[in-house]
Amino acid sequence: MNGWVEDELAAIDARGERRRIEAWPTPGPYLNTPDGRFINLAGNDYLGLTAHPAVRDAAARAARDVGPGATASRLLAGTCALHEELERALAAWRGHPSALLFSSGYLAAMGIVPLLADRGDLILADRLVHACLLDAARLSGARLLRFRHNDVDDVRKRLATRAAYRRCLIVTESIFSMEGDSAPWRALLEVALEHDALLLVDEAHAVGVTGPRGAGFTADDPAIEDRLISLGTLGKALASAGGFITCSPVLRELLVNRARTFIFDTAPTPPAAAAALAAVRLIERHPEWAASLATKSARVRTRLSDAGLDTLASHTHLVPVRIGDNEHTMALAARLRTEGILAAPIRPPTVPAGTARLRLSISLAHEDADLDRAVDALIGVVQS
Ligand SMILES: Cc1ncc(COP(=O)(O)O)c(C=O)c1O
């Protein structure tokens with residue numbers, strides 16, 4: 001291919017940023033492989049629901065009784081009762097008036113952001129928001145400004161030019177995936193109210209594990225009626241696949257009519273919808289799960305920081321350990337692997353250059369003894 005593909009790959013190699021796809025026998029907090037059992041701290045199965053019989057059975061039943069795929073977009077015969085039931089369940093669980101499903105959280109972002117902001121509008125995005133939100137902001141054609149991470153004063157400063165734009169959208173995450181910290185979303189909501197702006201909160205890592213009923217930080221907030229929009233994924237704590245927006249009914253109606261990633265995309269599969277619905281029902285019945293995960297995670301964080309490791313500002317189930325150099329981070333991850341521990345090495349462009357880290361995702365299904373062993377091993381490799 002004229003050599004340019006090889007050149008691009010060589011440049012990626014030179015930066016120590018080459019990624020490789022690797023197959024594992026099953027997803028989940030533990031991986032049983034021919035090479036032994038791994039504790040998986042690189043996944044997002046925060047409640048261990050990928051292995052829950054009720055979730056698995058729901059998916060299997062839907063595949064058998066409804067079908068493996070939806071075969072059409074929601075607006076063209078692709079909607080089945082499961083989609084509508086899941087949307088009602090998500091809205092009720094989150095205490096929001098309505099919900100709309102997408103095939104992934106990524107596509108939900110690509111659907112909602114260009115709807116809320118267009119040419120002539122302003123988007124203010126936290127410097128560390130997920131790639132899907134930035135891609136969506138770029139697609140929208142709006143002016144995109146990035147504000148300093150979690151810095152409400154910087155948002156205010158950047159709003160000085162607000163009058164030059166028609167609409168304004170502020171974008172943040174409730175729990176930042178690579179930092180494990182959380183946004184001051186209530187303060188951001190106040191700023192949005194003061195400046196006639198909207199606030200979009202990506203709850204991908206919060207839904208299922210925090211907030212009222214484990215339904216995420218923005219659950220029950222009445223600002224959802226006019227100022228607040230929330231985005232979530234079904235692919236992490238809900239152990240399935242898909243994404244959703246919760247918002248006012250009138251905005252949902254506009255999404256159905258205008259969001260291109262809703263209109264021109266095959267509907268989420270019936271097994272995925274059924275699995276997510278079963279997961280929501282389980283979480284509703286187990287309000288204690290969120291607190292148990294928080295306790296487990298606090299223990300890991302405390303032990304790491306007591307040993308002098310830098311866990312950034314994490315205070316959630318996502319615990320980064322900052323290493324800095326790309327190659328060194330990869331080498332440490334490889335050493336942990338030889339001890340049966342999978343910790344995700346996170347490098348640029350996912351995180352800023354020079355801030356490579358090992359990221360631990362804690363799951364309720366991780367045994368404390370295994371987490372202790374993983375922490376000991378991590379401290380050992382970093383300090384050796
Ligand atoms: C913060 C955040 N937002 C959105 C997404 C996208 O969700 P999905 O995996 O369902 O496309 C992710 C997934 O990695 C994420 O971490």
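Numbers here simply count residues along the sequence, with the first being 1. Whatever order the structure lists ligands and atoms in, that order sets their numbers, starting from 1.
- Ionic pairing of E339 and R373 is not present here: no N-O contact between side-chain nitrogen and carboxylate oxygen is shorter than 4.0 angstrom.
- At a threshold of 4.5 Å between non-hydrogen side-chain atoms, the residues R322 and T355 count as touching.
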Residues R213, D220; criterion salt bridge (Lys or Arg N to Asp or Glu O under 4.0 Å); working and verdict
CA-CA 10 Å; R213 303 176 296 286; D220 293 341; 2.7 Å; yes

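- In the vicinity of T233, heavy-atom distances shorter than 4.0 Å reach the ligand 1 atoms 7 (O), 8 (P), 10 (O).
- For the pair D151 and K157, the salt-bridge criterion is not met [side-chain N within less than 4.0 Å of a carboxylate O].
- With respect to the salt-bridge test (charged N to carboxylate O, under 4.0 angstrom), the residues D153 and R148 do not qualify.
- Near K236, meaning under 4.0 Å from any of its heavy atoms, are these atoms of ligand 1: 12 (C), 13 (C), 14 (O), 15 (C), 16 (O).
- Using a 4.0 Å cutoff on heavy atoms, A109 does not count as a contact of ligand 1.
- Checked against a 3.5 angstrom limit, the closest N/O atoms of D202 and ligand 1 fall inside it.
- Every atom of ligand 1 with a heavy atom of G242 under 4.0 Å away is listed here by number and element: 10 (O).
- C132 counts as a contact of ligand 1, since one of its heavy atoms falls under 4.0 Å from the ligand.
- Taking every non-hydrogen atom of Y106 and a distance limit under 4.0 Å, the qualifying atoms of ligand 1 come out as 6 (C), 7 (O), 8 (P), 11 (O).
- In this structure, R74 forms no cation-pi arrangement with F262, as its terminal cationic atom is not both closer than 6.0 Å to the ring centre and no more than 45° off the ring axis.
- Taking every heavy atom of H205 and a limit of under 4.0 angstrom, the matching atoms of ligand 1 come to 1 (C), 15 (C), 16 (O).
- Given atom 5 (C) of ligand 1, the protein heavy atom at minimum distance is H130 CE1, 3.7 Å.
- At a 3.5 angstrom cut-off on N or O pairs, G105 counts as close to ligand 1.
- Of all atoms in ligand 1, numbered sequentially from 1 with element shown, those under 4.0 Å from a heavy atom of E173 are 1 (C).
- Between E22 and R337 there is a salt bridge, since at least one side-chain N of the basic residue sits less than 4.0 Å from a carboxylate O of the acidic one.
- Not less than 6.0 angstrom separates the ring centroid of H205 from the ring centroid of F176.
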